[in-house]
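Take a look at the structure below.
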Amino acid sequence: MQENDASMRDVVFDYLHATAFQGTSLAQAVEGTSENVRKLSRADLTEYLSRHYKAPRMVLAAAGGVEHQQLLDLAQKHLGDISWQYPEDAVPAFTPCRFTGSEIRHRDDALPLAHVAIAVEGPGWANPDNVALQVANAIIGHYDCTYGGGAVSARISMGPRLQGREVLGLCAAVHGVTVCVEDKRWVLITCPPWQHLSSPLASIVAANKLCQSFQTFNICYAETGLLGAHFVCDRMKIDEMIYVLQGQWMRLCTSTTESAVARGKNILRNALVSQLDGTTPVCEDIGRSLLTYGRRIPLAEWESRIAEVDASVVREICSKYFYDQCPAVAGYGPIEQLTDYNRIRSGMFWLRF
């Protein structure tokens, strides 16, 4: 609990939930607070277990070298006594959680970097719009200042006609005026590393040193969710970072290209496969899928859903969730420059004539 309280990222996301779902159960932190943990008694734990740990709410999943019949026998032996009924038929009712566009600011100038999260209301787990939104998030991508970007150099042989202006002209044509180092026979052309980042937002961020890192997220619940981005930056870069982030969201809504969507789809395919790299993540995926979708969706079905997404679908779905929507904003740290909420709200649409 103390580690969670000390993690600025976790604190920001707790703030984001608190303001986005204020007055509902989702506004509460999942782990709770250290103060509440100290007050827990055995009676509290017993009452919670008897109320929520029921057979209809549980999934037993296994992956790897496990025989099905052996798993059934072990489940019957160790879990067969779990009740199917609730005391006095008091089944926990599902309470819809409303989203509220709002903000929480926790300014602390003693901290070195500002943590900011901005999100709009997203769809629930089973909503088919999630596939297009995951592709959109893949287009935005993620970035960390340790990534670099990888400078690329090319060496070009100098012939008798490749002298002076011709060299500079070639540099401009190939790489858009870069650094050239000339000797007797060779020219070294070095590209700025951010030119090779696949994400347009990452390229802008790296070129202008806007933040230390950023990442997109799509947090889903039963009937609602949070769709947005979290970034860590210097105290004097917050306003510009929010500006370029919202600009990329608006481009998703208005001018997404087929090439960008194809890149995002490939990134999403790779993420789906790479996260199932062992029996433990496969087992977790089975349990999560059964709880959220009622069945495990095979990779072939995910592939067919991803293949159906094109640029027009991304523009339509992003316009539905991003365009002219009230965001929830949470800031923690030296956030004096955090943009006024009214300006952030006005950045969620473009006026075009």
Side-chain angles (χ1 to χ4, degrees), residues 118-123 125-144 147 149-150 152 173-176 191-208 210 214-220 225-231 241-276 297-325 327 347-353:
I118 175 172
V120 294
E121 183 177 17
W125 272 110
N127 195 308
D129 293 344
N130 269 316
V131 177
L133 291 175
Q134 288 173 344
V135 172
N137 272 350
I139 294 173
I140 296 294
H142 57 88
Y143 169 79
D144 190 281
Y147 289 173
V152 174
V174 176
H175 294 293
C191 298
W194 56 81
Q195 290 188 358
H196 303 283
L197 294 171
S198 60
S199 164
L201 178 59
S203 297
I204 297 172
V205 165
N208 297 279
L210 297 184
F214 76 81
Q215 64 175 6
T216 56
F217 57 84
N218 184 13
I219 305 172
C220 294
L226 289 175
L227 176 67
H230 165 261
F231 61 87
M241 182 62 196
I242 289 180
Y243 175 80
V244 297
L245 172 62
Q246 289 184 296
Q248 292 301 314
W249 281 346
M250 294 304 99
R251 288 180 177 86
L252 286 176
C253 300
T254 60
S255 56
T256 305
T257 63
E258 292 292 349
S259 61
V261 172
R263 177 178 61 82
K265 289 160 67 173
N266 288 335
I267 293 173
L268 180 56
R269 291 186 181 104
N270 179 69
L272 288 174
V273 175
S274 62
Q275 68 183 6
L276 304 177
I297 301 177
L299 286 176
E301 183 174 342
W302 281 120
E303 167 59 28
S304 64
R305 293 186 183 186
I306 294 173
E308 293 174 356
V309 177
D310 57 20
S312 63
V313 172
V314 172
R315 288 193 294 266
E316 178 184 355
I317 299 301
C318 287
S319 296
K320 177 180 176 182
Y321 289 95
F322 284 113
Y323 202 86
D324 201 18
Q325 300 297 317
M348 298 302 291
F349 63 89
W350 279 351
L351 292 177
R352 290 186 166 185
F353 302 94

Throw together a table of side-chain donor-acceptor distances under 3.5 angstrom for residues 242-250, partners on residues two or more places apart or in other chains.
| residue | atom | partner | partner atom | Å |
| --- | --- | --- | --- | --- |
| Q246 | NE2 | I344 | O | 2.7 |

Item checked: Interatomic distance, Q215 atom CD to N137 atom CG [nearest 0.5 angstrom] ->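 Q215 atom CD to N137 atom CG measures 10.0 Å (nearest 0.5 Å).
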Margin query: With rounding to the nearest 0.5 angstrom, report the CD1 to CH2 distance, I219 to W125.
Written below: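 I219 atom CD1 to W125 atom CH2 measures 10.0 Å (nearest 0.5 Å).
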Item checked: Partners meeting salt bridge (Lys or Arg N to Asp or Glu O under 4.0 Å) with D324 (sequence neighbours left out) ->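 Counting only residues at least two positions away or on another chain, D324 forms a salt bridge (Lys or Arg N to Asp or Glu O under 4.0 Å) with R345.
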For [X], which residues count as a side chain to side chain donor-acceptor pair (under 3.5 Å) partner, sequence neighbours excluded?
X    : result
T254 : none
N218 : N130
R269 : N266, E303

Note to self: Please identify which of these residues, I140, I139, L210, meets the side chain to side chain contact (heavy atoms under 4.5 Å, CB included) condition with L201.
What the structure shows: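 It is I140, the one option of I140, I139, L210 that forms the side chain to side chain contact (heavy atoms under 4.5 Å, CB included) with L201.
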Could you tell me which non-hydrogen atom of [X] sits nearest to which non-hydrogen atom of [Y], and how far apart they are?
X    : Y    : value
C220 : P123 : SG-O, 3.8 Å
G141 : F214 : O-CE1, 3.3 Å
S255 : R315 : N-CD, 4.0 Å
H142 : A202 : O-CB, 4.4 Å
E301 : S304 : O-OG, 2.7 Å
C253 : T256 : N-OG1, 4.5 Å

Margin query: Any carboxylate oxygen within less than 4.0 angstrom of a Lys/Arg side-chain nitrogen, looking at E316 and K320?
Written below: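 Salt bridge: no.
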Checklist line | Results of side chain to side chain contact (heavy atoms under 4.5 Å, CB included) for I317 - residues two or more places apart only | finding: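 Counting only residues at least two positions away or on another chain, I317 forms a side chain to side chain contact (heavy atoms under 4.5 Å, CB included) with D129, A132, L133, V313, Y321.
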